[in-house]
Amino acid sequence: LRCPEKRARMENDMIIFDEKEKIFKIDTENTSYVMGVIDEKYLVHIYYGKKLTGTHLAYLLDMDKEELSEIHINYGEKSSFLDRLPMEYPTSGMGDFRQSCIEVAEDIGKYGVELYYESYEIIDGKPELEGLPSTFGDDVQTLCINLKDDILKLEVELRYSVFAGNDAVMRSAVISNYGDKPLYLDKVLSACVELGYGQNEYITLHGSWARERRIDRQRVGFGYHSVESSRGISSHQEHPFMAVVSEGATQETGDVYAMNFVYSGNFVSFIEKSQFGSQRFAMGINPRGFCWKLGAGEKFAAPEVVMVYSDSGLDKMTSTFHDLYREHLIRKSWVYSKRPVLINNWEGTYFDFDEKKIFDIAKEASKHGIEMLVMDDGWFGKRNDDRTSLGDWFVNEEKLKGGLKKLVDNVNSLGMKFGIWFEPEMISPESELYKKHPDWAVHIEGREPGQVRNQLVLDLSRREVIEYVYESVASILRQANIEYVKWDMNRPFTDIGSSELDADRQGEIMHRHTLAVYELQGRLLKEFPYLLLENCSSGGARFDPGMLYFSPQIWCSDDTDAIERLAIQESTALMYPLSVIGAHVSDCPNHTVGRVTPFKTRGIIAMAGTFGYELDVTKIPEEDRDMIASQVETYKKYCPLIQSGDYYRIASYQNNHYFDCYEIVSKDKKEAIFVFVQVIAQPNMHSIRVKLKGLDNEAKYKINGTVYDADALMNGGFIIKRPWGDFQAELFHIEKIND
Ligand code: DGJ
């Protein structure tokens, strides 16, 4: 966790400390973030927004200093001052009554933290956060600011990193106990920013199983407004994302301040409007149920928050997140490489399959250009439904006669890759493993633990359990040529207790679980570096940047209905690139909503993601099957553009109720595709003009053989003749004309 050596200031530094003004200034391509030290003690926020040219900025603190004189007259009146200061890392118990970032108890249970500025260093590079996923790459600078509470012997190192060419600021905090007694961290958030006094709205993503990440927008009123998860996963219900936007901000206009958490467990994000109208915006591990014992000399790393400012609406925020995640979070070996078009048997067969069925699906799929067969849940133990066998990771040879290797070899002989499903973090009470190790399940001594989907969570705070899980998965992967793993996680935590941990460490269980999942996935990728890992959690309940660090694609939702997917994929793409959004064509009537949509529409909508199929290809109507080859070909043709292009939202049927439209433009602006979906047909309505975005303003582009000026397409629009009927989709290719 140590920072590298201090180095001299360079001309192209993105981070500076201005000696005269006594301010820290972090510049990205288009933004500036400024902090200062007040009264030689308190680190305070000065400015975040559009890039500023100079450093004459300390005067912005004058209004906050008004109360300072009071302090010097009567030092005891600290709260009049602390409760108003725009603190960079607010503490609790000393007079700032707003929400804090850190709460610490001494071993005898006394609270109260006051952090004073101590020192700083600016370094080339970005120190890792031990045990945690975080952004990485070259051309990065980091500012480390140390704050201390010398009564508690507690040090907080705030970290701010910026990559050249990107507008995001990466934040985290590393807490150290430099005393000789343990401290109890009851709350450690990762980032906080004071947003001043304007009228704002905040955008969050709420949801449920099969209804993930719906956009919610509300006015920031006085008081505390938050989203959180206490389920042990980032969850279906709320998302570790919040954007605070100026009133009325649109895709193209207005201020946007956004945070997204590189973490997969419990989180909280809040905006709090104080009595004076200032707004405190923060994110970190959810303090609910959290307590970390920090022994003498130990450190605790709070996970990374990605913070983005856009002065021109949500589109720019989206492109900053997409570029950052593609360039600095997803494994390089996968980020732009072609993903195999897969077929997954889950919706096709559920648990009812054998080796012949799997092979038949693969054989038929291979004829239509599908490149990988993924065998989902049900291949191990005695698992013929969801009531048994999690934890018993040995092949069910009654089902897969001849064993796994034979099946994999047979699928490979068709020219197809083979992938497999696991749910490694779980244990079924009806399993061999539970018979042997009932105490390996998370539970509270003396209470019957509550089941969800007939299963319990394994206690990954125990080293032996982590090792068992690793060997279970790895030994299957060693048996055969398996090139893909779908890592599922199908229940939230309840009955949180571990029979191994000491009483004063029980509050560590859920964070330890998340760290263990990271460790396991990291180890797996070391032993099997070629592996394509797809995370999943009852659909998209753990779709977050923490998981993206390990798996370049994540199953987005168990709802595969094309129309439902429009909404889910729109909000997921607010910050995650299309190349990570698992999206499959499934059979109709759709298994979740019963809707019947054209096969063509299902194909086009699934192409805004990592394209695949989720059906029994031997059973679907022949006319649908006949479309597969050309869908696969279209996807492969546009895959590089979909993976690396700039994504723009043009219209959302969530708002207009009738049609949806989005566009992907290549970075060099030489080509683009856009998709128009008529969700509900309207009678007696004319054609629609859709205004394209992101093209080279001076250029001409060809669409369906006709040439148009880019500025006409972007300002006047492209005319779409309304199709006949509901659920109709069309994909258009746009090509720049060389003149
Ligand atoms: C939940 C996943 O989201 C599904 O895709 C499927 O893998 C099932 N679990 C299997 O139990």
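Counting starts at 1 for both ligands and their atoms, in listed order. This structure is a prediction, so every number in the text was calculated from the model and none was measured.
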Below 4.0 Å, non-hydrogen atoms only: which portion of Asn344 touches ligand 1? Side chain, backbone, both or neither. neither
Hey, is Glu228 close enough to Arg288 for a salt bridge, meaning N to O under 4.0 Å? yes
One pair to check against ring pair (Phe, Tyr, Trp, His ring centres under 6.0 Å): Phe550 and Trp487. What are the steps and the verdict? CA-CA 11 Å; Phe550 300 95; Trp487 180 302; 9.3 Å; no
Restricting to heavy atoms, the pick from Asp488, Asp377, Asp559, Thr560 nearest atom 1 (C) of ligand 1 would be Asp488
For Arg383, is at least one N or O under 3.5 Å away from an N or O on ligand 1? no
At under 4.0 Å between heavy atoms, what of Cys536 touches ligand 1? The answer is side chain
Indicate yes or no for a side-chain donor-acceptor contact from Asn535 to the backbone of Ile554 under 3.5 Å, with no hydrogens or angles considered. no
Does the residue Lys486 have a heavy-atom contact with ligand 1, meaning some pair of atoms that are separated by less than 4.0 Å? yes
Just to confirm my output: which protein heavy-atom neighbour is closest to atom 3 (O) of ligand 1, and how far is it? Asp558 OD1, 2.5 Å
Would you say Arg231's side chain and Gly265's backbone share a donor-acceptor pair under 3.5 angstrom? no
Taking only non-hydrogen atoms of Ser538 and a 4.0 Å limit, the atoms of ligand 1 in range are 1 (C), 3 (O)
Tell me, please: is Arg453 in heavy-atom contact with ligand 1, that is, under 4.0 Å? yes
Which class fits the ring pair Tyr325 and Tyr576: parallel under 30°, tilted 30 to 60°, perpendicular over 60°? parallel
Among Val374, Asn345, Asp376, which one has a heavy atom closest to atom 6 (C) of ligand 1? Asp376
Give the numbers and elements of all ligand 1 atoms closer than 4.0 Å to a heavy atom of Trp555. 3 (O), 5 (O)
Scanning both residues in full, the closest heavy-atom pair of His322 with Met575 reads CD2-O, 3.3 Å
Run the ring-centre check on Trp346 versus Phe351 and record whether the distance is less than 6.0 Å. yes
